[in-house]
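This is a predicted model, so every value here is computed, not measured. Quick note on labels: first sequence line is chain A, next is B, and so on, each numbered from 1.
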2 protein chains.
Amino acid sequence: MRDSDDALTIDQLNTFLLVAKYSSFHIAAEKLFLSQPSVTSRIQALENDLGVTLFVRQGRGIKLSDQGEKLVPIAKRIIGMYHKARTTLEN
Amino acid sequence: MRDSDDALTIDQLNTFLLVAKYSSFHIAAEKLFLSQPSVTSRIQALENDLGVTLFVRQGRGIKLSDQGEKLVPIAKRIIGMYHKARTTLEN
DNA sequence: GACGTTTACGATTAACGTAAGGATA
DNA sequence: TATCCTTACGTTAATCGTAAACGTC
């Protein structure tokens with residue numbers, strides 16, 4: 001069981017943004033060179049961490065939930081900030 | 001061995017900021033209710049992820065390295081963004 | 001039945017705490 | 001020697017992939 005600690009990872013946010021972009025777990029899995037169940041696990045862990053449902057499961061496919069929509073821009077900013085950190089320090 | 005993946009965690013950044021604030025691993029460990037070696041591990045993992053040395057070890061104590069100084073404001077912004085995500089979604 | 005997501009499960013990897021080691025004052 | 005960080009090591013928890021199951025088309 002995962003508590004609502006601060007265990008959030010950049011990998012989780014990256015995975016989330018890819019799934020959101022393609023509205024697909026298996027395409028995100030391809031892009032990440034990961035198995036599809038691993039993507040499911042990452043999203044579930046993220047949903048658990050944040051205490052919200054990010055995607056609406058509708059049988060064959062999925063789509064972003066309202067909360068998921070809200071997370072997208074913030075996730076992008078965090079990822080951007082992370083890359084800024086890397087480039088700032090890589091010199 | 002830790003590759004330069006995107007395995008960065010919020011916990012690592014939080015730990016980093018606390019260590020930087022107190023210039024002390026063992027005080028950060030207290031604040032985090034963690035053992036001192038765990039703090040060492042987290043910082044080492046972060047240094048590995050980013051490929052830089054964040055603290056200058058000087059026997060008894062430590063201090064921020066130049067790269068560490070650069071990371072502080074960026075880490076603060078990432079943490080702030082993370083909390084914004086939580087408050088935005090908690091409603 | 002084909003396609004896409006989830007669950008189950010065993011194996012690999014990472015994180016933690018206790019205890020011991022190393023370095024400085 | 002007292003203080004603080006690091007290394008060693010055994011244990012516990014998280015992550016992954018394969019295989020099977022479930023739900024829509």
Side-chain angles (χ1 to χ4, degrees), chain A residues 1-65 67-69 71 82, chain B residues 1-65 67-69 71 82:
Chain A
M1 172 90 58
R2 176 85 66 121
D3 222 331
S4 66
D5 284 337
D6 299 343
L8 188 93
T9 68
I10 295 294
D11 281 326
Q12 284 176 347
L13 291 181
N14 254 327
T15 304
F16 166 73
L17 287 177
L18 272 176
V19 173
K21 178 176 182 181
Y22 295 106
S23 295
S24 161
F25 281 63
H26 79 276
I27 296 181
E30 276 180 25
K31 305 288 183 187
L32 293 166
F33 303 100
L34 231 58
S35 74
Q36 186 169 303
S38 292
V39 173
T40 295
S41 291
R42 283 191 181 183
I43 297 298
Q44 285 177 343
L46 183 57
E47 290 180 321
N48 239 330
D49 288 345
L50 299 172
V52 297
T53 299
L54 297 172
F55 293 100
V56 179
R57 277 79 169 174
Q58 34 196 7
R60 189 190 53 156
I62 59 162
K63 69 170 190 179
L64 274 169
S65 70
Q67 312 261 42
E69 296 275 10
L71 183 58
Y82 166 67
Chain B
M1 175 87 59
R2 179 75 76 108
D3 223 331
S4 66
D5 285 336
D6 299 342
L8 188 95
T9 69
I10 295 295
D11 281 325
Q12 283 174 348
L13 291 181
N14 252 328
T15 304
F16 166 72
L17 288 177
L18 271 176
V19 173
K21 178 176 182 180
Y22 295 107
S23 296
S24 161
F25 280 62
H26 79 276
I27 295 180
E30 275 180 26
K31 305 289 183 186
L32 292 165
F33 303 100
L34 230 57
S35 73
Q36 187 172 301
S38 293
V39 174
T40 295
S41 292
R42 285 191 180 184
I43 297 299
Q44 285 178 343
L46 183 57
E47 291 180 321
N48 240 329
D49 289 345
L50 298 174
V52 297
T53 299
L54 297 171
F55 294 101
V56 178
R57 278 77 169 175
Q58 35 194 5
R60 190 188 54 155
I62 58 161
K63 67 169 190 180
L64 274 170
S65 69
Q67 312 261 43
E69 296 276 9
L71 183 58
Y82 166 68

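Remark: B:Ser38 is in phosphate contact with C:dG17, judged by side-chain N or O atoms under 4.0 Å from OP1 or OP2. Contact between the side-chain N/O atoms of B:His26 and the OP1/OP2 oxygens of D:dC5 is found at a separation under 4.0 Å. In terms of phosphate contacts, A:Arg42 brings a side-chain nitrogen or oxygen within less than 4.0 Å of OP1 or OP2 of D:dC16. The phosphate of C:dA23 (OP1 or OP2) has no side-chain N or O of B:Arg57 nearer than 4.0 angstrom. Note on B:Gln44: a side-chain N or O is less than 4.0 Å away from OP1 or OP2 of D:dT7. Side-chain N/O atoms of B:Ser35 include none lying less than 4.0 angstrom from OP1 or OP2 on C:dC16.
In this structure, B:Ile27 atom CD1 and D:dT3 atom P are separated by 13 Å, rounded to whole Å. In this structure, the CD atom of A:Glu30 is 12 Å from the C1' atom of C:dG4, given to the nearest Å. One can place CZ of A:Phe25 at 19 Å from P of D:dC22, the figure rounded to the nearest angstrom. The nearest whole Å value for the distance from the CD atom in B:Glu47 to the P atom in D:dC5 is 13 Å. One can place CG of B:Asn48 at 15 Å from C1' of C:dT13, the figure rounded to the nearest angstrom. Rounded to whole Å, atom C1' of D:dC16 lies 16 Å from atom CZ of A:Phe33. If you measure from atom CD1 of B:Ile43 to atom C1' of C:dC16, you get 15 Å, rounded to the nearest angstrom. Between the OH atom of B:Tyr22 and the P atom of D:dC4 there is a distance of 15 Å, rounded to whole Å.
Across the interface with DNA chain D, nearest-nucleotide mapping of B:Ser24 and A:Val39 shows B:Ser24 to be the residue nearer the 5′ end. Heavy-atom nearest nucleotides on DNA chain D were determined for A:Pro37 and for A:Gln58, and the one closer to the 5' end corresponds to A:Pro37.
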* Asked: side-chain hydrogen bond (donor to acceptor under 3.5 Å, both in side chains) between B:Ser38 and B:Ser35: does it pass, once the steps are laid out?
  -> CA-CA 5 Å; B:Ser38 293; B:Ser35 73; 3.1 Å; yes
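Each of B:Tyr22, B:Phe55, B:Phe25 was compared with B:Phe16 under the ring-ring contact (aromatic ring centres under 6.0 Å, His included) criterion, and only B:Phe55 meets it.
In the set C:dG4, D:dG17, D:dT3, D:dT3 carries the atom at the smallest distance from any side-chain atom of B:Arg60. Looking at the side chain of B:Gln36, the nearest of the listed nucleotides C:dT6, D:dC4, D:dC25 is D:dC4.
No donor-acceptor pair closer than 3.5 Å links the side chain of B:Gln67 to the backbone N or O of B:Leu54. Remark: side-chain polar atoms of B:Thr15 are not paired, donor with acceptor, to backbone N or O of B:Arg42 under 3.5 angstrom. Looking only at distances, a side-chain donor or acceptor of A:Ser65 sits under 3.5 Å from a matching main-chain atom of A:Thr53.
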